[in-house]
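If you're wondering where the values come from, they're calculated on a predicted model, not measured in any experiment. By convention in this document, chain letters (A, B, ...) are assigned in the order of the sequence lines, proteins followed by strands, and residues within each chain are numbered from 1.
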Amino acid sequence: MTLSTTFAPADIETRWYQHWEEKGLFRPERPNAEPYTIVNPPPNVTGSLHIGHALDNTLQDIVIRYERLRGKDALWVVGTDHAGIATQMVVERQLEERQDKRTNYSREDFVKKVWTWKEESGGTITKQLRRLGCSMDWSREQFTMDEHFTDAVLKTFVDLYNDGLIYRDKRLVNWDPKLKTAISDLEVETQDLKGSFWHFKYPLEDGVTLADGRDFIEVATTRPETMLADMAVAVHPTDERYASVVGKHVVLPITGRKVPIVADEHADPELGSGAVKITPGHDFNDFEVGKRAGIAAGDMLNMLDGEGNVCQTSDALVPDEFLGLHRFKRDKVNGARELVIERLKEQGFLIPHITKTKKGEEVELDAEPRTIATPFGDRGGVVIEPWLTDQWYVDAEKLAVKPIEQVKSGEIEIIPETWEKTFFNWMENIQPWCVSRQLWWGHRIPAWFGPDGAVYVALTEEEAQEKAGAGVTLTQDPDVLDTWFSSALWPFATLGWPNQTDLLEKHFPNNLLVSGFDILFFWDARMMMMGQYNMGKAPWPKLYLHGLVRAADGAKMSKSKGNVVDPLGLIDQYGADALRFFMAAMESQGRDIKMDDERVKGYRNFATKLWNATRFCQSNGIGASTTLAAPEAKLAANQWIIGEVQQTVEKLEAAMADLRFDAAANTIYHFTWDRFCDWYLELIKPVFAEGASETAAAETREVAGWALDQILVMLHPFMPFITEELWHAQGDLAGTSRKDYPIITAKWPEPRAKVSKAATDAIDWVIDLTGNVRSAKNELGIPPGAKLPAFLPSPSALAGSTIERSSAAIERLARLTPVTLSDAPDGPAMQITAGEDVFIIPLEGIIDIAEEKARLTKALEASSKEAASLEGRLSNANFVERAKPEAVEKAKADFAHHSAEAERLKAALERLG
RNA sequence: GGGCGUAUAGCUCAGUGGUAGAGCACUACAUUGACAUUGUAGGGGCCGGGAGUUCAACUCUCUCUACGCCCACCA
């Protein structure tokens with residue numbers, strides 16, 4: 001197949017992807033091969049491909065294609081996450097658009113609707129991953145609510161419960177009043193908001209006064225509305241101002257509730273008045289203070305319902321006018337907060353804040369302005385309410401023990417290592433994980449309650465019934481599990497666990513996990529815990545964490561800012577290969593990537609360059625290679641390129657072993673463009689000229705075809721589409737083909753070549769000479785195309801043989817002809833070096849002597865400076881005695897080189913007069 | 001408050017205990033045969049400031065400054 005003159009990515013991408021997928025090439029049968037396994041972080045089923053996915057999946061695909069080429073049984077597990085809250089929200093939003101709502105349906109009917117949505121619309125992201133070229137095993141596509149996955153989830157829950165690692169507890173949780181569910185600590189995001197700090201007087205009970213005679217205690221709060229459920233005032237135990245009233249009471253305004261003054265170290269004497277109001281039912285600190293003061297969780301007052309509206313407390317002291325109000329101002333409607341302030345102000349309990357304006361006038365404000373760290377739910381987007389409920393908790397502290405050890409011992413390697421500290425910091429202070437969610441979509445918790453509240457945890461209702469005894473009416477817990485509870489099982493539940501399948505046996509533990517650092521705690525750490533708990537092993541030995549892809553200006557991409565870059569748009573514009581190569585080339589460990597369209601464009605140009613190089617090969621009858629090993633070669637250029645391929649393979653393998661995607665991408669980029677295209681193809685052009693030797697041409701065709709093939713294979717993990725296309729295009733030529741199989745399952749290069757040093761030295765010498773000639777011409781204003789006669793009075797052995805063997809290349813590239821191995825005639829001349837050789841080129845009026853002098857002077861200055869610096873170092877006794885011998889040797893050699901060069905240049909200058 | 005990261009060419013970023021590299025941008029030149037999505041040559045860097053260790057520091061240590069991120073209960 002002859003290539004078209006232009007490279008159009010879109011034409012080939014769909015075609016090859018379909019071919020790969022239909023032929024099952026993402027996971028060819030390799031029963032005896034060493035396994036290599038990666039599980040893909042399952043994207044939300046509601047998701048669509050964003051730029052972060054593009055990075056994450058490109059890196060994984062590079063690794064998996066690389067290992068596949070190296071002959072491994074490479075398995076890349078793929079699937080989607082049911083994403084409890086996100087998915088339920090999507091379907092609820094659809095209902096709302098039709099003035100409908102979830103609660104109009106039974107739970108079963110609603111869940112059915114979600115499944116229908118999933119079937120119809122849940123495949124967006126999987127189609128998009130295909131456009132990126134990701135070679136996942138779609139034949140075993142997983143979903144976290146697949147039947148077998150659900151079995152794994154239930155078994156894990158029941159086992160953990162039986163081992164005492166899951167328990168039910170009544171305590172404060174982060175409650176999302178919009179979604180009406182509990183969420184975990186990790187799902188809370190703190191934002192700094194402008195707020196107010198109010199100061200109140202709480203009157204002391206009759207007959208009690210402070211040491212200074214006041215009959216009230218001043219307290220301050222950012223959440224005045226919670227005073228409706230206050231249960232104490234705390235002061236520090238050593239605070240003398242309040243020592244006399246500890247154990248006495250205050251009488252709260254509005255509710256008239258009489259609450260004790262307690263001593264507790266939580267109260268900071270330095271802060272405000274030193275006294276703090278305690279609302280155990282709506283504040284995490286106060287909850288602890290309340291417990292220390294002897295208040296049981298069950299007795300703590302709760303003044304809000306699940307939507308954040310005021311409800312009656314158990315002591316029935318909240319006045320009617322507050323009932324039903326929202327906790328604070330919302331949609332411009334005042335809430336309980338505003339009403340509390342109004343009433344306190346009316347009744348003289350509000351202490352105004354006095355401040356001065358810029359002009360120096362004193363003004364009285366209701367409250368002190370202040371920045372308040374406010375907790376928000378990451379999905380619902382509303383302020384979290386600490387709320388007292390019964391929930392299920394996982395004892396994360398116990399599960400974290402082993403993973404911490406594994407990271408410490410190196411059994412699990414975190415790359416880059418700097419994340420280890422963060423990991424330990426979180427794991428060593430880990431809190432119980434609240435795993436129950438008050439949603440309908442998700443894994444229903446396998447717990448049943450008897451009429452007396454007794455709980456029975458079992459895999460099935462039948463088992464639970466058995467435990468409870470016949471005749472006991474059981475009701476299943478309505479809650480579902482946190483989505484992350486199921487995704488924590490991903491590395492093994494996707495392989496069949498809890499069944500002991502062959503797949504599981506072979507592919508667990510996985511070999512590597514690639515994820516963004518943003519889900520280190522959400523997902524990675526929890527996989528470690530669950531992997532250890534269920535499998536007794538770490539789920540993978542290596543965890544590679546990459547950064548975020550940022551907008552071009554360095555800002556975080558977000559829908560609200562409108563600076564989101566669509567990876568599919570980039571694919572349309574530049575091709576998937578270019579986008580992938582960009583991601584790889586920019587991925588240096590531990591750093592965020594700034595988006596740069598120009599660079600993506602640059603890699604599209606690189607693809608075009610390769611395309612055109614292949615066209616050149618085709619037009620010269622260069623076809624596909626026939627062997628994995630490098631062909632026998634006699635010509636210097638051919639031996640040289642074989643040696644260059646060999647070095648490139650080594651560098652690439654080293655980079656991949658270290659997961660240095662940037663180094664790997666740059667290695668193949670520079671080899672392809674700088675070495676292969678810019679030098680090798682130029683060097684071999686004379687071989688195909690009319691009248692050249694047919695044996696030489698035949699050898700060169702073979703070597704060039706081989707070298708191009710090695711490029712295609714090495715580049716394939718990064719640019720799968722263009723390499724597959726060119727692989728076949730080459731293979732279709734002239735019948736000399738080993739391309740009866742696709743590149744995706746080709747073999748990784750093994751040049752196994754012995755390359756003579758003489759040959760590579762010769763080409764390096766030609767390259768050096770050519771560069772120096774071009775440079776001199778440029779500086780002297782000689783037309784680049786001009787052919788110049790040259791004299792080489794005392795050629796080195798290398799020069800002698802090279803001029804003989806590669807005269808065509810010297811003529812074509814260096815444009816020196818004829819080269820005479822004798823002294824130059826008298827008269828002004830310029831000098832050009834190549835290695836240790838000095839060419840003399842007579843000027844004969846073509847060169848401006850002044851300019852040549854300037855050029856030589858500049859070069860002489862550089863050489864002298866180098867030589868002087870090295871001489872200084874070598875004359876330093878400390879250096880010679882104490883530096884490493886190699887360093888001293890190198891300095892000596894460099895000095896010899898630079899001083900000789902300086903001598904030559906001096907002589908040349910003198911010749912010019 | 002604690003932890004982490006980053007500061008290198010105009011921009012985006014690599015890098016090593018032995019006087020600095022890439023891509024883009026810039027300048028000059030070239031151009032009918034693989035390729036203008038090109039070629040050739042070139043200019044451009046007190047490697048954030050200061051101190052220390054060392055024969056030698058862009059690199060190691062400390063410190064300062066700036067920016068970014070994560071965690072944390074300041075009512």
What does the list of N/O pairs under 3.5 Å between the protein and nucleotides 25-29 of chain B look like, with a distance for each?
none

A/Asp572: partners by side chain to side chain donor-acceptor pair (under 3.5 Å), with sequence neighbours left out: A/Arg131
Roughly how many Å is it from [atom1] in [X] to [atom2] in [N], rounded to a whole number?
{"X": "A/Ile684", "N": "B/G33", "atom1": "CD1", "atom2": "C1'", "result": "15 Å"}
{"X": "A/Ile414", "N": "B/G5", "atom1": "CD1", "atom2": "C1'", "result": "16 Å"}
{"X": "A/Glu417", "N": "B/G3", "atom1": "CD", "atom2": "P", "result": "18 Å"}
{"X": "A/Lys884", "N": "B/G17", "atom1": "NZ", "atom2": "P", "result": "8 Å"}

Nearest to the [X] side chain among [options], which nucleotide is it?
{"X": "A/Lys685", "options": "B/G43, B/G39, B/A34", "answer": "B/A34"}
{"X": "A/Arg604", "options": "B/U12, B/A34, B/U37", "answer": "B/U37"}
{"X": "A/Asn605", "options": "B/U37, B/A14, B/G18", "answer": "B/U37"}
{"X": "A/Ser775", "options": "B/G23, B/A41, B/A34", "answer": "B/A41"}
{"X": "A/Thr418", "options": "B/C4, B/U6, B/G18", "answer": "B/C4"}
{"X": "A/Arg550", "options": "B/G68, B/U12, B/G18", "answer": "B/G68"}

Pairing residues for A/Phe879 by the ring-ring contact (aromatic ring centres under 6.0 Å, His included) criterion, not counting sequence neighbours: none
For A/Phe376, ring-ring contact (aromatic ring centres under 6.0 Å, His included) partners two or more places apart: none
Mind checking the [atom1] distance from [N] to [M]? Whole angstroms is fine.
{"N": "B/U16", "M": "B/U6", "atom1": "P", "answer": "13 Å"}
{"N": "B/C70", "M": "B/C11", "atom1": "C1'", "answer": "28 Å"}
{"N": "B/A57", "M": "B/C46", "atom1": "C1'", "answer": "14 Å"}

Touch check for [X], heavy atoms < 4.0 angstrom, all strands: base, sugar-phosphate only, or nothing?
{"X": "A/Trp673", "answer": "sugar-phosphate"}
{"X": "A/Glu682", "answer": "base"}
{"X": "A/Glu881", "answer": "nothing"}

Check: A/Tyr603 ring centroid to A/Tyr574 ring centroid under 6.0 Å: no
Ring-ring centroid check A/Phe718 A/Phe606, cutoff 6.0 Å: no
Donor-acceptor pair present, A/Lys609 side chain and B/C35 base, under 3.5 Å: yes
Any N/O donor-acceptor pair, A/Arg774 side-chain to B/U40 base, under 3.5 Å: no
Salt-bridge contact A/Glu225-A/Arg223 (side-chain N to carboxylate O under 4.0 Å): yes
Sugar-phosphate or base contact per nucleotide [nucleotides 70-75 of chain B; S, B, -; heavy atom under 4.0 Å]: S--BBB
Does [N] have a Watson-Crick or wobble mate here (both distances under 3.5 Å), and if so which one?
{"N": "B/C4", "answer": "B/G68"}
{"N": "B/G52", "answer": "B/C60"}
{"N": "B/U27", "answer": "B/A41"}

All pairs passing side-chain hydrogen bond (donor to acceptor under 3.5 Å, both in side chains) where residues 190-201 of chain A contributes a residue, at least two apart: A/His199-A/Glu218, A/His199-A/Glu368
Most 5' of A/Glu779 and A/His670 on RNA chain B, judged by nearest nucleotide: A/His670
